[in-house]
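As the structure is a prediction and not an experimental result, all values here were calculated from the model.
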Amino acid sequence: MASRPSAFDLLMSNASKKKSEQKQQKSSPKKRKTPTPIITSQNSAPISVKEPDSAQIKEAQLEKDMKNDDSSKVKDAQLGKSEEAVVKKPKVAITPDESFLELKDKVASFDPKKAAYWGKGQRVPFMFVAKALDAISKESGQIAITAIVCNMLRTVMETTPEDLVAVVYLLANRIAPAHEGLELGIGDASIIKALSEACGTKEAQIKKQYKELGDLGLVAKASRSSQSLMRKPEALTVVKVFDTFRLIAKESGKDSQEKKKNHIKALLVAATDCEPQYLIRLLQAKLRIGLAEQTLLAALGHAAVYADKQSSTPANIDSSLEEAAKIVKQVYSVIPVYDKIIPALLADGVWDLPKTCSFSPGVPVGPMLAKPTKGVSEILDKFQDIEFTCEYKYDGERAQIHYMEDGTVEIYSRNAERNTGKYPDVVDAISRFKRPSVTSFVLDCEIVAFDREKKKILPFQVLSTRARKNVVLSEIKVGVCIYAFDILYINGQPLLQAQLDSRRQVC
DNA sequence: CGCCTGTGCGCC
DNA sequence: TTTCGGA
DNA sequence: TCCGAAAGCGCACAGGCG
């Protein structure tokens with residue numbers, strides 16, 4: 001995500017020492033030289049933003065678009081072919097043919113229908129995803145990985161589109177949009193417990209294996225495969241796994257650990273082959289197979305192009321793929337919610353995605369991130385003929401403040417976590433200081449600990465001691481001030497496409 | 001119930 | 001958050 | 001350009017104890 005320039009993130013973290021006392025609410029950082037910015041801005045994918053900065057600046061981060069794969073090197077998944085072996089009942093196949101892993105053909109010649117080894121009306125088997133993850137783990141290049149993901153997404157789009165959201169969530173290794181704050185609450189310790197119970201091993205044994213193998217996923221795989229199964233468990237489906245993950249996240253209160261553990265055990269017991277391995281890695285939220293957000297988004301874009309039967313393949317397939325990836329990334333940066341993007345994508349395709357799915361107040365947009373620089377000269381070079389601005393980098397916490405038409409305020413962190421409950425003082429201040437003519441806005445800011453008496457900025461260390469949840473206004477011990485450095489939306493108008501200087505003027 | 005610990009998490 | 005290495 | 005790894009700190013929560 002990321003896009004929009006923020007004239008703020010600088011490298012250093014001690015800038016705050018430099019004084020500059022502002023009072024709370026706004027008050028912009030200390031500007032130092034520099035005239036106006038030019039910034040390109042906004043969230044578009046590969047836009048290069050020109051950012052302002054000071055001695056230690058970082059320029060806005062551009063969105064990176066990955067080079068996509070050219071179909072000539074892509075591979076394609078031939079999963080299918082296992083229909084025969086699969087026969088076992090009208091159930092989902094337990095194991096897809098291994099040829100699924102040989103994604104050596106071109107994406108262009110890939111046939112999603114053949115790749116699907118599960119029957120019509122059936123859900124996507126978890127094995128399908130597990131096998132793909134396994135195949136991905138054996139690759140190292142972005143191109144190959146993107147191709148594999150693209151092919152699996154096409155397969156799902158073609159045969160079981162209703163499962164696409166769940167598939168994408170698993171691939172993204174998420175259980176909900178970041179701003180919803182849903183957490184698994186599961187770590188290695190709990191996993192080890194569940195694993196030892198599910199396999200009838202001692203915890204010490206699991207830990208020992210963990211040390212040897214270096215990966216709990218492998219431990220799970222090894223443990224499970226050495227167990228003799230009484231009967232073949234019913235095949236797991238992607239939806240089942242995803243739903244269980246969400247259930248785990250929702251357990252809380254007394255005995256919740258026990259319940260979470262039982263959910264994990266149930267999944268493990270039903271998992272075979274490489275499923276346990278990826279089940280565990282997903283729970284750890286550490287897939288570490290070289291597949292992450294940007295790659296997934298690109299693959300989603302590519303898959304959508306192939307799935308688009310309307311506009312027959314454009315003359316230049318490669319550039320279309322690139323363009324589609326760019327669009328998806330762009331859209332995701334503005335509204336990082338797969339639950340919105342996927343349905344829109346399925347219904348109206350990629351090309352219209354920016355129209356069918358766009359910024360929505362209350363949903364945090366991907367923040368423009370800072371990028372470290374080696375020195376001033378690099379900056380002067382880069383902005384040679386461009387206006388730019390320099391600002392302090394305050395040592396606080398990034399915050400995106402949304403003010404909705406109904407008067408609701410939401411505050412999000414750099415990673416889109418909802419921080420509203422942590423800053424009732426900010427919410428209060430916002431509501432009090434907002435001009436009546438302003439009906440809605442989104443501000444990009446830095447919240448910094450501030451000592452009102454001494455009128456001094458406090459270091460991050462101090463800010464970090466603030467309570468984090470359900471904070472009561474009257475019990476706040478560490479005061480804060482806000483440095484707003486960008487505005488992304490105002491009175492119903494998205495400013496994501498506007499240049500930084502014009503956005504600054506709005507303030 | 002209060003207190004401590006282990007655990008998970010998000011932040012820089 | 002920064003820094004690093006690999007592809 | 002992208003991914004994954006590594007680094008410390010403090011709060012929240014669940015579980016277990018007296």
N/O (side chain, R288(A)) to phosphate O (OP1/OP2, dA5(D)) under 4.0 Å: yes
salt_bridge(R466(A), D425(A)) N-O dist < 4.0 Å: yes
Are the side chain of R281(A) and the backbone of I289(A) linked by a donor-acceptor contact shorter than 3.5 Å? no
Remember a base hit wins even if backbone is also touched, and classify L463(A) as base, sugar-phosphate or nothing at under 4.0 Å, heavy atoms. nothing
Does OP1 or OP2 of dG8(B) have a side-chain N or O of S190(A) closer than 4.0 Å? yes
Got V350(A) and L345(A) here, is their nearest side-chain heavy-atom distance under 4.5 Å? yes
When you measure from the side chain of F460(A), which nucleotide among dG15(D), dA14(D), dC11(B) comes out closest? dC11(B)
When all nucleic acid strands are considered with a 4.0 Å heavy-atom cut-off, which category describes R468(A): base, sugar-phosphate, or nothing? base
Side-chain donor-acceptor pairs under 3.5 Å in residues 185-196 of chain A, sequence neighbours left out?
{"unit_1": "D188(A)", "atom_1": "OD1", "unit_2": "Q284(A)", "atom_2": "NE2", "d": "2.9"}
{"unit_1": "D188(A)", "atom_1": "OD2", "unit_2": "Y210(A)", "atom_2": "OH", "d": "3.2"}
{"unit_1": "S196(A)", "atom_1": "OG", "unit_2": "I192(A)", "atom_2": "O", "d": "3.4"}
{"unit_1": "S196(A)", "atom_1": "OG", "unit_2": "K193(A)", "atom_2": "O", "d": "2.9"}

Using a 4.0 Å heavy-atom cut-off across all strands, classify K254(A) as base, sugar-phosphate, or nothing. sugar-phosphate
E397(A)/K422(A) salt bridge by N-O under 4.0 Å criterion: yes
Contact under 4.0 Å: S464(A) side-chain N or O vs dC11(B) OP1/OP2: no
When you look for runs of 3 or more Watson-Crick or G-U pairs in a row, both distances below 3.5 Å, which of them include DNA chain B? B:1-11 with D:8-18
side-chain N/O S256(A) vs dC13(D) OP1/OP2, d < 4.0 Å: no
Side chain of R414(A) only, please: which of dA14(D), dT7(B), dC12(B) is the nearest? dC12(B)
Given dC13(D), dA14(D), dT3(C), the nucleotide with the shortest approach to the side chain of K469(A): dC13(D)
May I ask you to check whether Y332(A) and E293(A) show a side-chain donor-acceptor distance below 3.5 Å? yes
